[in-house]
Amino acid sequence: MNPSESYKFLVKNIKSLNFIDEAMPCDLLLYGDSAFPVIVNPIGQVLIAASQYGKGRMVVMGHENYVASPNFKQFIENAIEWLKPSADSLVGIHKTFSSVVPILSEKGHKVEPTYEFYDKFGVYCMHAYDDRQSKELIAALKEGKGLLIAGQAWYWATKNEGKNVALDYPGNNVTAVAGIHFLSDYGQKGVYEPTPQIPISTLMSKYKWDPSKDLQQLLKGLTEVRLPESGSPSHLIVHGQRAFPLILDDSDKTYLAAAYYGKGRVVVATHEHQISQDSQKQLVSNLLSWLDAGKGGKIGIHWNLKEMQQFLEEGLESQLSSINKTFSVYCCTSYTDKDAENILEFVAEGGGLLIAGQAWYWASLNPGKDALIDYPGNKLINQFGISILGASAYPSPRKISILNSEDWAKGYQSRKALHQIMMLMDTSQEIKEPLASWMRKLSEDCATILAVGDQGKQAFYQYQGALINTLLKYGLPEVGVDRPIKGRSKEAFLLRIAAGLRNSLPNFETIITKLISGTSLPVSPPQKLQINCASKANTWQSTGLYVPPGKTSTLTFPESAINVGLQVQIGCHTDNLSHHTELRRAPVVVQKYVVDKVLLPVSTVFGGLLYVIVPERCDLGNIQISVQDAVLAPYCETSDSSWVETISDYPSPWAELETKNIILTVPSSSVRDLERPSETLVVWALIMQAVLKLSAVPPVLERKERIVADTQISNGWMHSGYPIMCHLKSVEDLVNIMNIKPDIWGALHELGHNREIREWSFPPHTNEALCNLWSVYVYENVFKIPREQAHGDLKPHVREERIWKYLKDGALLDNWNTWVCLETYLQLQEGFGWEPFINLFSDYRNIKDIKNDNTFKMNLWAQLFSQQVERNLVSFFKAWGWPIEKDLNEKLSSLPDWQENPMKKFTL
């Protein structure tokens with residue numbers, strides 16, 4: 001069933017439907033992949049809905065009077081036609097709706113009035129106040145038959161106080177399996193026209209559902225939960241109306257969540273160790289009790305979770321097995337979708353499901369794929385309103401809070417939080433707690449969901465529709481250096497979710513056109529490019545092209561490049577600024593597309609330089625691609641004359657300068673007037689030659705370093721990574737030949753960070769120290785500037801004062817950081833030169849299985865450096881407070897002491 005086509009069939013030839021008669025409809029609640037609204041009133045309530053279950057179809061109407069109403073004649077005819085499994089199917093009509101029989105007969109349908117459902121019917125039309133035949137009706141749906149059911153639950157609720165409408169109302173015992181519930185809320189009446197596409201319903205129904213009692217049972221006897229040390233969990237987006245979190249950390253990441261689905265219940269854990277280790281016994285006992293819902297049935301456990309069986313409470317009957325409908329609860333992992341349909345049916349019809357697994361490892365093996373829709377477990381649990389994210393999460397400490405049942409409303413849930421922010425959008429009210437603390441996680445979740453492509457499913461459709469409507473209503477706020485916005489504001493929220501807009505969304509071009517005004521940048525003729533797709537590291541390959549905001553460029557790839565891990569990226573400013581209290585650009589401005597087809601259209605709201613990302617260990621070699629509808633960008637690796645005559649004037653706002661081992665990305669305006677860019681590139685080539693020499697790596701990098709300038713970065717004045725990020729104020733120092741020598745310490749510091757390895761780093765002490773060795777080395781060996789002139793903190797008197805103070809305070813390792821830490825290495829260099837460092841950095845790459853323990857690693861460094869320079873340096877390192885172990889002196893006893901030890905001056 002295609003929901004979009006089904007919707008159009010159901011509303012064909014209908015101009016409007018009149019809900020003004022005396023009948024008061026009720027609101028309908030929808031969830032899962034199959035259920036979709038047909039008529040939604042202006043306040044987002046669903047008055048008519050449709051769905052599929054098994055091979056069959058269902059139409060649900062919010063009041064029984066509408067079935068026989070002349071106003072709904074065309075809709076009933078459409079519905080019966082859509083529900084029929086075959087043209088000659090017999091239609092059973094409950095005698096409540098006898099007036100419909102002649103109308104349908106006139107249209108050529110074979111119709112039979114009845115008080116009961118019989119297997120001979122291909123379609124059955126009934127009211128929602130009788131569930132005596134619910135099992136037969138559900139079985140008929142699974143076989144491929146159709147059901148039209150109509151009623152309202154508000155009157156039933158007044159006569160059944162204390163009962164749960166969602167669980168106990170008769171009609172819901174049938175419709176729930178297909179993801180539709182009658183609610184006790186009045187539906188607003190009116191005359192409503194069908195929309196061109198499936199309408200968008202409200203994010204939050206008004207039904208009075210309070211999971212506090214569920215939480216009490218699920219978390220009974222627990223005040224906190226310690227996640228197992230073994231195994232790194234993923235975390236969840238809890239996005240369904242009937243889904244709720246159980247365990248969250250301080251950043252609102254959810255590690256355990258529960259949901260009602262159909263007539264059953266679900267709990268999702270983010271690692272199998274959360275439910276299969278003895279330390280989790282109390283938690284698992286609670287979960288199984290809630291999932292069993294008082295049935296006292298058998299627990300089915302998949303073989304992957306056999307450890308669970310060892311600590312189940314006495315009296316619980318269990319069996320290692322694949323899914324079996326005789327179970328009361330089934331426990332399995334989320335690493336396969338082999339039994340997804342059977343498990344979904346099991347839950348829909350009243351079973352309990354405990355499912356666990358992380359998705360980050362799968363995501364690491366499937367670069368470019370969207371874990372939210374492609375991860376096997378998500379193909380099932382998305383329908384429950386819960387999704388496992390493809391990123392790993394490391395809650396610290398592992399002991400994290402549970403959601404207290406007494407104040408569950410304070411717990412983050414994405415749909416609930418989105419509903420709250422949308423209620424504030426039209427007001428001047430400030431965002432207050434707890435919503436304020438939720439904003440970062442909410443923005444990330446919304447952008448993630450918005451980026452999900454059109455899969456013909458409904459699990460995310462309504463959520464996405466609400467986000468798109470919000471963007472279209474309020475537009476994209478202005479933000480810039482001269483127009484900053486607050487980090488947890490409505491404006492920041494709009495900018496963050498806009499990054500999730502992708503051209504795989506339905507009506508993408510219309511959405512973008514309404515959000516972004518046209519650009520005047522001239523588009524280049526189609527470009528044919530050679531892309532090197534042989535790489536040992538995840539690499540950005542520049543195209544020399546720019547995609548303007550909101551414009552779509554189309555890339556053509558050869559068949560050999562499809563679905564091998566290649567991606568296309570628009571933008572190089574990859575820092576996520578969501579944590580900043582003030583923003584001078586949108587929090588996220590980069591978009592990626594998987595190369596999964598020959599013709600690949602790409603676009604982004606914010607625009608950016610165009611790259612092809614080549615995954616680690618790719619061996620495609622050189623491939624030819626073509627790019628249409630992009631803008632030429634200044635890209636210099638050519639002669640000065642070509643640059644001055646043509647390239648520097650290319651219209652892209654961003655430019656790149658490339659030389660051996662490094663690429664600089666800067667605003668075009670900062671380099672258009674460069675007459676001899678080759679001079680800048682020669683200096684950078686020499687810098688990188690020195691950086692690699694000290695690092696003891698081959699003279700040509702597998703992946704060139706990148707430095708990217710940005711309006712605002714995630715942290716610091718600069719930071720390391722791929723790419724290294726810097727502020728725009730640093731651009732002049734990077735490209736102006738007169739500024740490079742005196743003002744490039746920071747960039748060298750970050751290049752040093754990128755050269756560090758775990759084996760000879762001692763965090764946190766060396767975190768901001770060792771990287772400065774590369775700054776010193778380049779200044780002295782490339783620029784011929786001595787260290788005392790390279791940085792104020794390296795003047796001799798400053799260094800000496802720092803050593804005296806460190807020793808006066810007791811030479812405590814806690815104080816051995818940054819410049820104090822660097823001093824230790826500078827003294828070694830001044831005593832023995834750079835060669836021992838270069839040799840050691842080379843040797844370390846051949847030493848395997850070095851324990852990640854500072855004491856062990858510091859003793860190993862002391863030993864290896866001593867052996868490298870043929871001096872016993874134990875007394876030197878002890879003077880610095882290193883935790884030197886007793887046997888090291890014995891290992892080095894054959895070596896002479898370092899007579900020139902500079903620390904003697906301070907310790908004698």
Neighbour count above 12 (heavy atom, 6.0 Å) for E478 CD: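 It does not: E478 CD has 12 such atoms or fewer within range.
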Would you say that more than 12 heavy atoms from the other residues, nucleotides or ligands in this model lie under 6.0 Å from the OH of Y361, or not?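 Count not over threshold, so no.
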Of F841, Y779, W745, which meets ring-ring contact (aromatic ring centres under 6.0 Å, His included) against W774?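 The single option meeting the ring-ring contact (aromatic ring centres under 6.0 Å, His included) with W774 is F841.
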Got a donor-acceptor contact below 3.5 angstrom from the [X] side chain to the [Y] backbone?
X    : Y    : value
N366 : K369 : no
N854 : P763 : yes
T539 : A537 : yes

State which residue, out of N378, N382, D445, fulfils the side chain to side chain donor-acceptor pair (under 3.5 Å) condition with S387.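 With S387 as partner, side chain to side chain donor-acceptor pair (under 3.5 Å) holds for just one option, N382.
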A side-chain contact here means heavy atoms from C-beta on lying under 4.5 Å apart; do L450 and L505 qualify?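 When only atoms from C-beta onward are counted, L505 and L450 do touch, with a gap below 4.5 Å.
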Is there side-chain contact between V238 and S414, with heavy atoms separated by less than 4.5 Å?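 Side chain of V238 against side chain of S414, heavy atoms only: no contact under 4.5 Å found.
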Verify the distance criterion only: is there a donor paired with an acceptor across the side chains of [X] and [Y] at less than 3.5 Å?
X    : Y    : answer
N767 : H753 : no
E616 : S535 : no
W816 : T766 : no
E705 : N661 : no
E444 : N576 : yes
E656 : T665 : yes
E658 : Y635 : yes

List the steps and the verdict of side chain to side chain contact (heavy atoms under 4.5 Å, CB included) for Y593 and S504. CA-CA 10 Å; Y593 290 86; S504 54; 5.8 Å; no
With side chain to side chain contact (heavy atoms under 4.5 Å, CB included) as the test, would you mind laying out the steps for V708 and I724 before giving the verdict? CA-CA 6 Å; V708 174; I724 292 169; over 6 Å; no
What do the steps show when you test L734 against C726 for side chain to side chain contact (heavy atoms under 4.5 Å, CB included), and what is the final call? CA-CA 10 Å; L734 299 178; C726 69; 3.8 Å; yes
Measure across [X] and [Y] and return the closest heavy-atom pair with its distance rounded to 0.1 Å.
X    : Y    : result
P587 : L495 : CD-CB, 3.8 Å
H749 : E768 : NE2-OE1, 2.8 Å
S695 : R845 : O-NH1, 3.0 Å
A417 : L435 : O-CD1, 3.7 Å

Centres of the F606 and H573 rings: under 6.0 Å?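 No, the ring of F606 stays outside the 6.0 Å limit from the ring of H573, centre to centre.
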Give the ring-plane orientation class for H239 versus Y463, where under 30° counts as parallel, over 60° as perpendicular and anything between as tilted.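 Aromatic pair H239/Y463 classed perpendicular.
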Mutual orientation of the aromatic rings belonging to H791 and W819 [parallel < 30°, tilted 30-60°, perpendicular > 60°]: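 Ring orientation, 0 to 90° scale: tilted.
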Between R584 and D482, is there a salt bridge with N-O shorter than 4.0 Å?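 Salt bridge absent between D482 and R584.
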Would you call D853 and K857 a salt bridge, taking side-chain N to carboxylate O under 4.0 Å as the test?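 Salt bridge: no.
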Roughly how far apart are L521 CG and L632 CG, rounded to 0.5 Å?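 Between atom CG of L521 and atom CG of L632 there are 11.0 Å.
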Looking at F508, is R502 sitting on its ring face, NZ or CZ under 6.0 Å from the six-membered ring centre and within 45 degrees of the normal?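 Pair R502/F508 does not count as cation-pi.
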Side chain to side chain contact (heavy atoms under 4.5 Å, CB included) partner of I431, chosen from M439, K486, R488: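 Exactly one candidate clears the test, M439.
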